[in-house]
Peer 1: 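So that we are looking at the same thing, I have put the structure below in C-alpha cells.
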Amino acid sequence: MRRTVFNEDHEAFRETLRAFIEAEVVPVYDEWFAAGQAPRDFYYKLGELGIFGINVPEEFGGAGLDSHKFEAVLYEETARAGVQFGGSGVHVLLALPYIKMLATDEQKKRYLPKFVTGEEMWAIAMTEPGTGSDLAGMKSTAKLSEDGTHYVLNGAKTFITGGVHADRVIVCARTAAPTAEDRRHGISLFAVDTESDGYSVGRKLDKLGLKTSDTAELAFVDVKVPVEDLLGEENKGFYYLGHNLASERWGIAFGAYAQAKAAVRFAQQYVQERTVFGKPVAHFQNTKFELAACQAEVDAAEAVADRALEALDAGELTPAEAASAKLFCTEVAHRVIDRCLQLHGGYGYMNEYPIARLYADNRVNRIYGGTSEIMKTIIAKDMGL
C-alpha cells in the first residue's frame, strides 16, 4: 500500500537528515556508546541543523511549523541507522509542548531562542524513587517564600532522561497537599535552572539500553526557584501532565514502529550475507517465513503509527487512542526485534551488531510513558469496562 503521510518537504528533510547521520553520528557512535552519552557539543549541531526549532514559532528563531511529521522522519532515520541522538529527544518531544502551552510571552522570550540553538537543553523530571507511574504520589515540594519572590524546592527525582546535560529541567513538585477528594491536586511545574544552588545531579544511571542517552538521578535541597519560572498556574500540574501524555505516547509508539522496521532491514541484510551449510541463510524456508511474518507485523504497526500521527497533527488524538497505538506498536516491536535477533544467531547477541543494541533499546518502550499495563487500563476504561 502506498504511504501518504509524508510529502516532498518531509522527504527532502529525510535526505538531509540521513546525510547528517552518516557524516556526524555513525563514525563516532561507538565512542558515544562506550561513554554512555552523546557529547554536549553534539546538541549545538542539532540546533544548527534546525532539529530543535521545527515546532518553535518564527519570532523565537524556529520554523513555526505545527506538525509532528518531521519528528516522525527523525524517528525513522535514527532507527534505520541504528543510532540515537543522545538524550535530546526529551528536549523536543516532552519539554517543548509544556513551554508552548504554559509559558508566558516573557518566559518564551527567555527560554525559546536558547532552546532552538541547543544552548539551553531541557529535560523533565516527573518520576520519583518509589512512585513509578503513580505521579500523584510524588513527595517533592515547592514552598512559596514569605516575601513571595521565589519557591523553595526540596526532593529527589530518578530516571530523568537528559538529566546530565540539561540546563533547565521542568520539575514537578507539590505546592499544596492533596485533598481527600483529589489526590492529584497540588502539583505544580517549574522551569528550574540547573545551575541553581542546592540543585545536584546524582548518578548517571547504567541502563540496559539507550546507552547514549544520559539518564540521571536529581536532588533538590532548598533550591530557590524564582516565581517567574513557574509554568502555568499553581496546583494544576497534574492536569498539564495529562494533557501532553497523548503526544508523548504517540512518540513512543512511532519510535517503536521505526525500530521494528529497522530490525527487519538489519535481519534481511544479514541473512543475505551470512552463509551456513554452503548457502545464504536467506535461502532457508524458515528464514523467509520469519521475515515475511515480521514484515506483515511492521506493515500493521506502520498503519497504526501513521493514523495516530495524522490524528495528533489534527488535534484529535484521544488518550485512549494514544494508549492503544503505544500498546500495539511497542508489543509488535518487541516480537519483531526478538525474531530478527534470532535470525542473526550468536552474532545477534554482540553489541557490535545494531540488532543487539536495538533489542536493548526497545525494551524500555513498554515501560516508560506509562507501562503496557497502564495502557490496557486506559483502553479498558474507554471501553466502559
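Along the sequence shown, residues are numbered consecutively beginning with 1. Predicted model, so just to flag it, every value in this text is computed and none were measured.
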Peer 1: Pick out which of I54, L312, L309, D306 makes a side chain to side chain contact (heavy atoms under 4.5 Å, CB included) with K69.
Peer 2: L309
Peer 1: Which residue, Y359, Y347, F266, forms the ring pair (Phe, Tyr, Trp, His ring centres under 6.0 Å) with Y353?
Peer 2: Y347
Peer 1: Between the side chain of S324 and the main-chain N/O of A320, is any donor-acceptor distance below 3.5 Å?
Peer 2: no
Peer 1: Once rounded to the nearest 0.5 Å, what's the spacing between atom OH of Y43 and atom CD of E120?
Peer 2: 15.0 Å
Peer 1: Test your reading of the model: is there a side-chain donor-acceptor pair from K207 to the backbone of T212, 3.5 Å cut-off?
Peer 2: no
Peer 1: Show, in sequence, the C-alpha distance, side-chain angles and deciding distance for R18 and E15, and conclude whether the salt bridge (charged side-chain N to carboxylate O under 4.0 Å, His left out) test is met.
Peer 2: CA-CA 5 Å; R18 188 173 296 183; E15 291 182 13; over 6 Å; no
Peer 1: How about D338 and Q342: does a side-chain donor come under 3.5 Å of a side-chain acceptor?
Peer 2: no
Peer 1: What's the spacing between H10 NE2 and E71 CD if we round to 0.5 Å?
Peer 2: 11.5 Å
Peer 1: If you measure from CD1 on I21 to CZ on F85, what distance do you get to the nearest 0.5 Å?
Peer 2: 4.0 Å
Peer 1: Between F254 and H68, is the ring centre distance below 6.0 Å?
Peer 2: no
Peer 1: If you round to the nearest 0.5 Å, how far is CD of Q285 from CD of E290?
Peer 2: 11.5 Å
Peer 1: Check the pair K211 / D361 against salt bridge (charged side-chain N to carboxylate O under 4.0 Å, His left out), numbers first and verdict last.
Peer 2: CA-CA 8 Å; K211 289 291 190 180; D361 290 349; over 6 Å; no
Peer 1: Going by an N to O cut-off under 4.0 Å, is there a salt bridge joining K45 and E48?
Peer 2: no
Peer 1: Other residues, nucleotides and ligands only: do more than 12 of their heavy atoms fall within 6.0 Å of CG on D197?
Peer 2: no
Peer 1: Checking the side chain of T16 only, and the main-chain atoms of A12 only, is there a donor and an acceptor separated by less than 3.5 Å?
Peer 2: yes
Peer 1: Is the distance between the ring centroids of Y240 and Y98 less than 6.0 Å?
Peer 2: no
Peer 1: Would you call R110 and D229 a salt bridge, taking side-chain N to carboxylate O under 4.0 Å as the test?
Peer 2: yes
Peer 1: Does the side chain of D214 reach to within under 4.5 Å of the side chain of H165, using non-hydrogen atoms?
Peer 2: yes
Peer 1: Could you tell me whether D167 and R40 make a salt bridge, using a distance below 4.0 angstrom between a side-chain N and a carboxylate O?
Peer 2: yes
Peer 1: Evaluate the criterion side chain to side chain donor-acceptor pair (under 3.5 Å) for residue pair D313 and S67; output intermediate values, then yes/no.
Peer 2: CA-CA 5 Å; D313 270 11; S67 171; 2.6 Å; yes
Peer 1: Going from OG1 on T175 to NZ on K236, what distance comes out if it is rounded to the nearest 0.5 angstrom?
Peer 2: 12.0 Å
Peer 1: Does the ring center of Y111 lie less than 6.0 Å from the ring center of F60?
Peer 2: no
Peer 1: In this structure, is the centre-to-centre distance between the rings of F52 and H91 below 6.0 Å?
Peer 2: yes
Peer 1: Which of these, L153, I160, I124, sits in a side chain to side chain contact (heavy atoms under 4.5 Å, CB included) with V171?
Peer 2: L153
Peer 1: May I ask you to say whether E11 pairs ionically with R14, meaning some side-chain N is under 4.0 Å from a carboxylate O?
Peer 2: yes
Peer 1: One thing to verify: whether E76 and R3 come together as a salt bridge, which I'm taking to mean a side-chain N less than 4.0 angstrom from a carboxylate O.
Peer 2: yes
Peer 1: Ion pair present between D30 and R357, side-chain N to carboxylate O less than 4.0 angstrom?
Peer 2: yes
Peer 1: Please round to the nearest 0.5 Å and tell me the distance separating atom CZ of F220 and atom OG of S140.
Peer 2: 6.0 Å
